[in-house]
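Have a look at the structure below, then the notes.
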Amino acid sequence: MALKQLSALLRKDGLGQQIDLTASYGRSDQGNNWSQSHGLENHDYAVGLRYSVPWGKITDHAAYDRALLALQAAEINLKQARTAVHEDVRSVLRQLRQAEKSIMIQGKTVEQSKRSAQAAKISFEQGLKDSFAVIQAEDHLLQAQTDFIFRRLEYRVRLYQLDLVIGKPTGRVD
């Protein structure tokens with residue numbers, strides 16, 4: 001952006017009318033030395049004003065217009081990049097929140113499966129259910145625990161994705 005702005009300002013520099021103020025001062029002695037000049041010195045002052053009007057600078061105007069268009073394109077690209085970054089961060093944060101909720105739900109499922117397995121064991125010990133029901137309840141508990149571990153891994157992956165999108169330092173020096 002800064003380079004595009006400087007380029008546009010450089011192109012604009014010579015386009016308009018220019019007014020220049022010039023001034024000069026000169027001093028000279030009349031003779032070769034002080035005694036011959038009798039202490040007389042000449043002081044010359046000159047002040048001038050120069051005004052110039054650009055005629056036929058069509059190529060300069062076109063270059064300035066192109067520089068302005070390039071500056072606008074750079075601004076648009078910057079806005080698009082910022083929008084993309086915001087979108088990526090929001091997306092990862094949304095996925096992270098979903099993973100947190102999924103962990104909580106799966107934790108409740110594990111607790112429920114533990115209670116179901118304990119109830120199936122008690123029912124089997126009292127002769128109300130067969131061993132297949134106990135094995136099934138333990139299988140559901142094992143599946144719930146496995147799903148809970150997967151949900152935690154998914155949450156970790158989302159955390160690392162957030163670090164990647166935000167751009168936290170990795171500790172590696174390029």
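Nothing fancy with the numbering, it's 1 onward along the sequence. In what follows, every heavy atom counts, from backbone to side chain, and hydrogens, waters and symmetry copies are set aside.
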Item checked: Shared hydrophobic cluster for Phe124 and Leu141 (ILVMFWY, side-chain gaps under 4.5 Å) -> no
Item checked: Heavy-atom donor-acceptor pair, Ser113 side chain to Thr109 backbone, under 3.5 Å -> yes
Note to self: Any salt bridge linking Glu154 with Arg158? Criterion: basic side-chain nitrogen under 4.0 Å from a carboxylate oxygen.
What the structure shows: yes
Notebook entry, point to check: Do we see a donor-acceptor contact under 3.5 Å between the side chains of Gln143 and Asp147?
Noted result: yes
Item checked: Cluster overlap Leu93 with Leu159, hydrophobic side-chain contacts below 4.5 Å -> yes
Margin query: Testing the 3.5 Å rule here: is there a donor-acceptor pair between the side chains of Arg115 and Gln112?
Written below: no
Next item on the list: Hey, could you give me the CD/CZ distance between Glu100 and Arg151, rounded to the nearest 0.5 Å?
Entry: 14.5 Å
Check: Any side-chain heavy atom of Ile103 within less than 4.5 Å of one from Arg152?
Finding: yes
Note to self: I need the minimum non-hydrogen distance between Ser116 and Ala137, along with the two atoms involved.
What the structure shows: O-CB, 4.1 Å
Margin query: Is there a path of hydrophobic side-chain contacts, each under 4.5 Å between heavy atoms, that joins Val134 and Val110?
Written below: no
Notebook entry, point to check: Is there a path of hydrophobic side-chain contacts, each under 4.5 Å between heavy atoms of I, L, V, M, F, W or Y residues, that connects Val89 with Val92?
Noted result: yes
Item checked: Which residues share a ring pair (Phe, Tyr, Trp, His ring centres under 6.0 Å) with Phe132, sequence neighbours left out -> none
Next item on the list: For the pair Lys114 and Gln145, evaluate side chain to side chain contact (heavy atoms under 4.5 Å, CB included) and give the outcome as yes or no after the intermediate values.
Entry: CA-CA 10 Å; Lys114 282 182 184 178; Gln145 289 173 339; 4.2 Å; yes
Checklist line | Co-membership, hydrophobic cluster, residues Leu71 and Leu78, 4.5 Å side-chain | finding: yes
Item checked: Straight-line distance of Ile135 CD1 to Asp130 CG, nearest 0.5 Å -> 9.0 Å
Margin query: Testing the basics here: between Gly107 and Phe148, what is the closest heavy-atom pair and its distance to 0.1 Å?
Written below: N-CD1, 3.7 Å
Note to self: Applying side-chain hydrogen bond (donor to acceptor under 3.5 Å, both in side chains) as the test, list every pair that has at least one member in residues 82-92; sequence neighbours left out.
What the structure shows: none
